[in-house]
Peer 1: 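The structure under discussion is supplied below as structure tokens; questions concerning it will follow.
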Amino acid sequence: MFYSSTRGDTKKVQSAEAIIKGLAPDKGLYTPDCIPTLSEDEKIFIKKSSYKEVAKLIFGKFLTDFSKEQIEKCVELAYNNSFEQANVAPVYKLDDNTEILELWHGPTCAFKDVALQILPYFLTTAIEITGEKNEIAIIVATSGDTGKAALEGFKDVKGTKIVVLYPSEGVSLVQKQQMITQEGSNVSVIAIRGNFDDAQTAAKNIFINDELNEKLLQDGIKLSSANSINWGRLLPQIVYYIKSSLDFNSNNVDYIVPTGNFGNILAAYFAKKMNAPVGKLICASNQNNVLTDFIKTGIYDKRREFVKTISPSMDILISSNLERLLYELSNHNTTLIQNLMNDLEQKGYYKIPHDLKEEIDKLFYATSATDDETKEAIKNCYDKYQYLLDTHTAVAYHGYLEYQKDDKNNKSNKTIIVSTASPYKFPIGVCSALNIDINKNEYELLNTLETLTKVKIPAPLQGLEDKKILHSLICDKEEILPTIMELL
């Protein structure tokens with residue numbers, strides 16, 4: 001299996017090199033040259049197998065330069081003791097036709113754990129395979145959850161350093177506390193005065209800065225990424241779509257995914273392409289609805305107000321992984337992708353060709369929710385099912401209700417709502433939705449919420465306020481590069 005850049009860099013690489021590099025030299029994203037499909041026998045195997053066994057099967061199809069033993073070791077080390085239960089991604093049944101896929105039972109209580117618990121093992125194995133001698137420096141931009149999950153995954157991993165950038169005013173107090181109290185001899189955290197897109201742009205620019213990369217290599221340091229631009233981050237997410245769709249015993253399962261950077265819903269698309277019974281993909285955005293407008297119009301336009309919402313991990317205007325989707329749907333037309341991305345960078349928008357828009361219409365449906373609608377969704381779900389949503393999953397639940405109301409849609413399919421975080425990571429929004437007095441600090445609200453709902457505070461979030469602050473660095477976005485250089 002070879003991987004190519006979405007923007008046409010002529011050098012194909014195998015998975016180990018793609019995982020180490022993270023981003024292609026031409027700013028493109030490494031994507032498999034072909035997507036393998038599941039046989040009927042493999043589908044039967046998946047239905048009766050554990051999550052770890054399914055992961056080994058799927059990874060073996062994409063990581064063809066890894067040995068079977070190396071893949072098994074990565075899976076066992078990542079998923080043996082890090083999650084609350086052996087079924088890494090359990091489902092909660094709302095009714096006979098609707099389930100919630102809970103992806104937040106890992107050490108940081110967010111869906112990023114599913115991928116970021118295994119990425120360090122993918123990376124260290126890739127270093128063995130390629131004979132890489134340099135220390136690997138992981139640069140991560142986060143809108144809240146990726147940062148903590150990456151820090152937790154890479155802490156004290158031999159041969160690596162990790163630097164996380166987060167918007168100083170763009171994450172919840174719980175998310176921030178998780179990052180700034182992170183232990184580990186090889187971890188650094190930087191708050192930036194800006195938004196997630198500023199952090200993400202800075203991180204990408206670091207990867208393509210030849211002079212900088214050459215200087216770091218002279219010091220024995222090679223850069224890589226733990227964001228979903230790295231194929232090793234995206235690949236593990238395909239597993240839970242394949243497993244949950246086949247377990248639902250339906251010919252078509254629609255997925256409603258709260259979406260910011262497009263990586264999670266893209267993994268569902270790859271599962272569909274692998275012949276899993278995945279139906280319509282409903283892209284649910286918050287008020288930063290650049291993806292909703294794109295799916296409806298075919299025009300991606302980031303020239304709009306950046307809105308801070310109660311679902312901060314989705315406060316994004318530049319959705320990096322959309323590039324991979326366009327690459328796939330255009331039959332790997334790198335010239336088209338390069339032109340579209342140039343337009344986005346230079347003009348702030350792009351428009352896709354009509355035939356590409358038709359393909360997107362077949363696959364996707366898009367909704368968006370205001371903060372008030374997000375709160376209404378939390379209350380609706382809790383009143384109806386006694387099930388507590390976080391402020392991101394609530395955006396998806398609102399999308400589910402909107403999709404059901406639209407007469408143009410096929411409502412006969414079974415539906416899975418993707419739940420991306422514990423409600424306890426965003427207590428102010430959740431408590432406000434349930435009419436709980438929010439004139440308290442977030443930690444007091446956690447206890448109030450637990451008392452009201454009888455839903456226990458997850459162990460990783462208990463006592464968070466008492467942890468020692470270890471990272472207090474803050475800088476302007478123009479200072480990101482020299483600050484990272486100093487840390488490295």
Side-chain angles (χ1 to χ4, degrees), residues 22-23 27 112 137-151 154 161-182 184 186-216 219 221 223-230 260-261 286-288 290 301-320 341 344-349 428 442 468-488:
L23 191 69
K27 285 194 193 179
K112 310 292 177 74
I138 312 294
I139 310 296
V140 178
T142 184
S143 55
D145 287 331
T146 294
K148 171 60 179 177
L151 290 164
F154 278 95
K161 293 180 179 179
I162 179 166
V163 180
V164 167
L165 312 170
Y166 75 92
S168 60
E169 303 301 324
V171 300
S172 76
L173 180 61
V174 171
Q175 287 176 309
K176 179 179 179 179
Q177 191 75 357
Q178 283 185 302
M179 289 187 280
I180 64 176
T181 60
Q182 177 66 52
N186 62 336
V187 306
S188 300
V189 179
I190 306 173
I192 67 164
R193 299 182 183 97
N195 58 41
F196 169 74
D197 291 328
D198 295 324
Q200 181 169 247
T201 299
K204 282 187 175 180
N205 288 338
I206 289 168
F207 287 116
I208 61 169
N209 186 323
D210 293 336
E211 184 180 347
L212 168 65
N213 279 266
E214 186 58 38
K215 186 175 188 309
L216 287 171
D219 292 331
I221 298 170
L223 295 179
S224 187
S225 173
N227 284 95
S228 55
I229 58 174
N230 191 319
N261 217 11
N286 61 17
Q287 282 171 266
N288 293 292
V290 62
D301 192 343
K302 68 174 183 177
R303 301 170 302 173
R304 61 185 68 204
E305 180 188 2
F306 181 91
V307 184
K308 290 183 180 179
T309 73
I310 61 171
S311 44
S313 297
M314 295 160 61
D315 289 347
I316 295 170
L317 293 181
I318 303 174
S319 303
S320 292
M341 296 307 122
L344 183 63
E345 190 171 327
Q346 295 164 16
K347 301 176 183 177
Y349 74 97
I428 291 178
E442 286 195 28
K468 183 180 178 182
I469 294 175
L470 301 173
H471 308 278
S472 56
L473 195 57
I474 184 167
C475 71
D476 293 325
K477 56 187 178 182
E478 296 82 10
E479 301 170 332
I480 292 174
L481 179 56
T483 303
I484 287 178
M485 286 298 290
E486 186 176 339
L487 288 171
L488 295 182

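Residue indices begin at 1 and follow the sequence shown. Small disclaimer: the values here were computed from a predicted structure and weren't measured.
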Peer 1: Under 4.0 Å between a side-chain nitrogen and a carboxylate oxygen: does that hold for Lys176 and Glu442?
Peer 2: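 So Lys176 does not pair with Glu442 through a salt bridge.
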Peer 1: Does Asn288 reach the main-chain N or O of Val307 with its side chain, forming a donor-acceptor pair under 3.5 Å?
Peer 2: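 Side chain of Asn288 to backbone of Val307, a donor-acceptor pair under 3.5 Å: yes, one is there.
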Peer 1: Determine yes or no for a side-chain-to-main-chain donor-acceptor pair under 3.5 angstrom, with Thr146 supplying the side chain and Thr142 the backbone.
Peer 2: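 It does not hold such a pair.
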Peer 1: Applying side-chain contact (heavy atoms from CB on, under 4.5 Å) to Leu487 and Lys161, what does each step give before you reach the verdict?
Peer 2: CA-CA 10 Å; Leu487 288 171; Lys161 293 180 179 179; over 6 Å; no
Peer 1: Which of these passes side-chain contact (heavy atoms from CB on, under 4.5 Å) with Cys475: Ile190, Ile484, Leu165?
Peer 2: Ile190
Peer 1: What verdict does the side-chain hydrogen bond (donor to acceptor under 3.5 Å, both in side chains) test give for Gln175 and Ser313, after you've listed the backbone C-alpha separation in whole Å, the side-chain angles of each residue and the deciding distance to 0.1 Å?
Peer 2: CA-CA 10 Å; Gln175 287 176 309; Ser313 297; 3.0 Å; yes
Peer 1: For residues Leu344 and Lys302, report the shortest heavy-atom separation together with the two atoms involved.
Peer 2: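 Of all heavy-atom pairs spanning Leu344 and Lys302, the closest is O-CE, 3.5 Å.
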Peer 1: Under a 4.5 Å cut-off applied to non-hydrogen side-chain atoms, are Val164 and His471 in contact?
Peer 2: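 When only atoms from C-beta onward are counted, His471 and Val164 do not touch, as no gap falls below 4.5 Å.
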Peer 1: For the residue pair Asp315 / Thr309, report whether a side-chain donor-acceptor contact shorter than 3.5 Å exists.
Peer 2: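 Yes, side-chain donor-acceptor contact under 3.5 Å.
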Peer 1: Is there a side-chain contact between Gln178 and Leu151 (heavy atoms, below 4.5 Å)?
Peer 2: no
Peer 1: Please assess Thr201 against Lys477 for the test side-chain hydrogen bond (donor to acceptor under 3.5 Å, both in side chains), listing each intermediate value before the final yes or no.
Peer 2: CA-CA 10 Å; Thr201 299; Lys477 56 187 178 182; over 6 Å; no
Peer 1: Within the side chain of Ser168, is there an N or O that forms a donor-acceptor pair under 3.5 Å with the backbone of Ile192?
Peer 2: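 Yes.
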Peer 1: Keeping Asp198 on the side-chain end and Asn195 on the backbone end, is there a donor-acceptor pair under 3.5 Å?
Peer 2: yes
Peer 1: Met179 and Lys148: which non-hydrogen atoms are nearest, and at how many Å?
Peer 2: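 Minimum heavy-atom separation between Met179 and Lys148: CG-N, 3.8 Å.
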Peer 1: Of all the heavy-atom pairs spanning Gly144 and Val171, show the shortest one and how long it is.
Peer 2: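 Taking every non-hydrogen atom into account, CA-CG1, 3.7 Å.
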Peer 1: Grab the two heavy atoms, one from Gly260 and one from Ser319, that are nearest each other, plus how far apart they are.
Peer 2: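 In this case the closest contact between Gly260 and Ser319 is O-OG, 2.7 Å.
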Peer 1: Hey, could you give me the CG/CG distance between Leu223 and Asn213, rounded to the nearest 0.5 Å?
Peer 2: 4.5 Å
Peer 1: Over all heavy atoms of both residues, which pair between Ser311 and Asn286 is shortest? Give the atoms and the distance, please.
Peer 2: OG-ND2, 3.0 Å
Peer 1: To check you understand the geometry: which heavy-atom pair defines the closest contact between Ser143 and Phe196, and what is its length?
Peer 2: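 Smallest heavy-atom distance, with atoms named: N-CD1, 3.4 Å.
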Peer 1: Using the rule given for side-chain contact (heavy atoms from CB on, under 4.5 Å), can you reason through Ser172 versus Ile428, listing the C-alpha separation, both sets of side-chain angles and the distance that settles it, and then say yes or no?
Peer 2: CA-CA 9 Å; Ser172 76; Ile428 291 178; over 6 Å; no
Peer 1: First locate atom CD1 of Ile480, then atom CD1 of Ile206, and finally report the distance between them rounded to the nearest 0.5 Å.
Peer 2: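 Rounded to the nearest 0.5 Å, the CD1-CD1 separation comes to 7.0 Å.
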Peer 1: Can you tell me how far apart CD1 (Ile180) and CD (Gln182) are? Round to the nearest 0.5 Å.
Peer 2: 11.5 Å
Peer 1: How long is the gap from CZ on Phe306 to CG on Leu317, to the nearest 0.5 Å?
Peer 2: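 It comes to 6.0 Å.
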Peer 1: Under a 4.5 Å cut-off applied to non-hydrogen side-chain atoms, are Asp210 and Glu214 in contact?
Peer 2: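 No, every pair of side-chain atoms sits at 4.5 Å or beyond.
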Peer 1: Just by distance, do the side chain of Asn261 and the backbone of Ile316 share a donor-acceptor pair under 3.5 Å?
Peer 2: no
Peer 1: Let me confirm one number: the CG-CD distance from Leu473 to Glu486, rounded to the nearest 0.5 Å.
Peer 2: 8.0 Å
Peer 1: Checking Lys27 side chain against Ile208 main chain: does a donor-acceptor pair fall under 3.5 Å?
Peer 2: no
Peer 1: Using 0.5 Å steps for rounding, measure from the CZ atom of Arg304 to the CD atom of Gln287.
Peer 2: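 It is 12.0 Å, given to the nearest 0.5 Å.
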